[in-house]
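So the structure is just underneath, and the comments pick up after that.
Read the numbers this way: they start at 1 and go in the same order the structure lists the ligands and their atoms. These figures come from a predicted structure and were not determined experimentally. The chain is numbered in sequence order, starting from 1.
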Amino acid sequence: MKRRDLIKAAGLAAAAGAAAATAPAHAAKKIRWKMVTTWPKNFPGLGTGANHLAELINEMSAGRIDVKVYGAKELVGALEIFDAVSQGTAEMGHGASYYWKGKSRAAQFFAAVPFGLTAQEMNGWLYHGGGMELWEETYAPFGLVPGAAGNTGVQMGGWFNKEINSVADLEGLKMRMPGLGGEVLRRAGGTPVLLPGGEIFPALQSGAIDATEWVGPYNDMAFGLHKAAKYYYYPGWHEPGTTLECFVNKEALEALPKDLQMIVRSAIKIANQDMLADFTAKNNKALEQLVTQHGVELRKFPDEVLQKLRMLSDAVVREEADKDPMTKKVYESFVQFRDQATKWHAVSEQAYLNGRNLG
Ligand code: CA
């Protein structure tokens, strides 16, 4: 060894010694967080998205924070996670904000609204269009800090055993469809049915329901819905870019050193982007398999049906907004952004995709 290497080596050894001396104190400070979710453990896309977020935080913080993920019912029930994180039973929650309509009606706008924003538009509104500030204001009374933590992209319209050729074909149709979309279906003459994911397939197969929506090709194929219905309709007018969320207990977040707070916030943002990429890649592949290997018949809702659903949706969403001032405030920001985005996307994304399809 040359002399300067020896000096360098000695210096490194001394530094290592100093680090070792302080290591036990750091080790004692390892922060253990719980993430409760509304998804079954490891559920494709959504549960795996929550796992990915926890891994990101663990790795980006070099293990200074250790986030452990709990599937629905492992620590608290799927619909109890909002209260659990609000009360500090867990530090983080992973779900979708339309589940918390009972806490705040405005929350629905941060997940999915019939004929609302696409994934790209949701991210634009949230990050650079004032949406995130409104979401923070909505969750502040509960001591929660929200973040967009994933997106399914445009969902599918659903599975049917008869063709939908006119609005009249929706009359009397018993269809699994939650939330605002369900109310729209009811006004169109159908009967919305609420069923958790795991009960959809048997209900459709036995004829207890006539039709169902779920997510898109990737998740729907995993549930085997193509074995219980013949026609697969598009587009998912009721969930055009469903945003998943990760909310954090505000006290727990603010108790972290500044760099760890930034790591948590950044990891959530990465997870948001990655889930959309995951769905985009897997939906492409699954759609092809459904059509070429399973003989699924793809159908587009007729324009007349979409027009009627759009009209009913506008009324349902406006009525919802009129019920309280916070929802009204969020609604106005959302609708203004959608109107602008519609004009811009008519000459950008939409015009481009139409052009590409000409070939
Ligand atoms: Ca859905």
Within 45° of the ring axis of Y139 and under 6.0 Å from its six-membered ring centre, is that where the NZ or CZ of K250 lies?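 Pair K250/Y139 does not count as cation-pi.
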Shortest-distance N, O or S atom of E213 relative to the Ca ion (ligand 1):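 Distance check against the Ca ion (ligand 1) picks out OE1 in E213.
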**Asked** If you check every N/O/S atom of E239, which is the one nearest the Ca ion (ligand 1)?
**Response**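 So the atom name we want here is OE2.
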Electrostatic pair [X]:[Y] at N-O distance under 4.0 angstrom:
| X | Y | value |
| --- | --- | --- |
| K323 | E320 | yes |
| D210 | K174 | no |
| D324 | K328 | no |

The Ca ion (ligand 1) and W214: any N/O/S contact shorter than 3.0 Å?
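Yes, since at least one N, O or S atom of W214 sits under 3.0 Å from the Ca ion (ligand 1).
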How about Q155: does one of its N, O or S atoms come closer than 3.0 Å to the Ca ion (ligand 1)?
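Of the N, O and S atoms in Q155, at least one lies under 3.0 Å from the Ca ion (ligand 1), which means yes.
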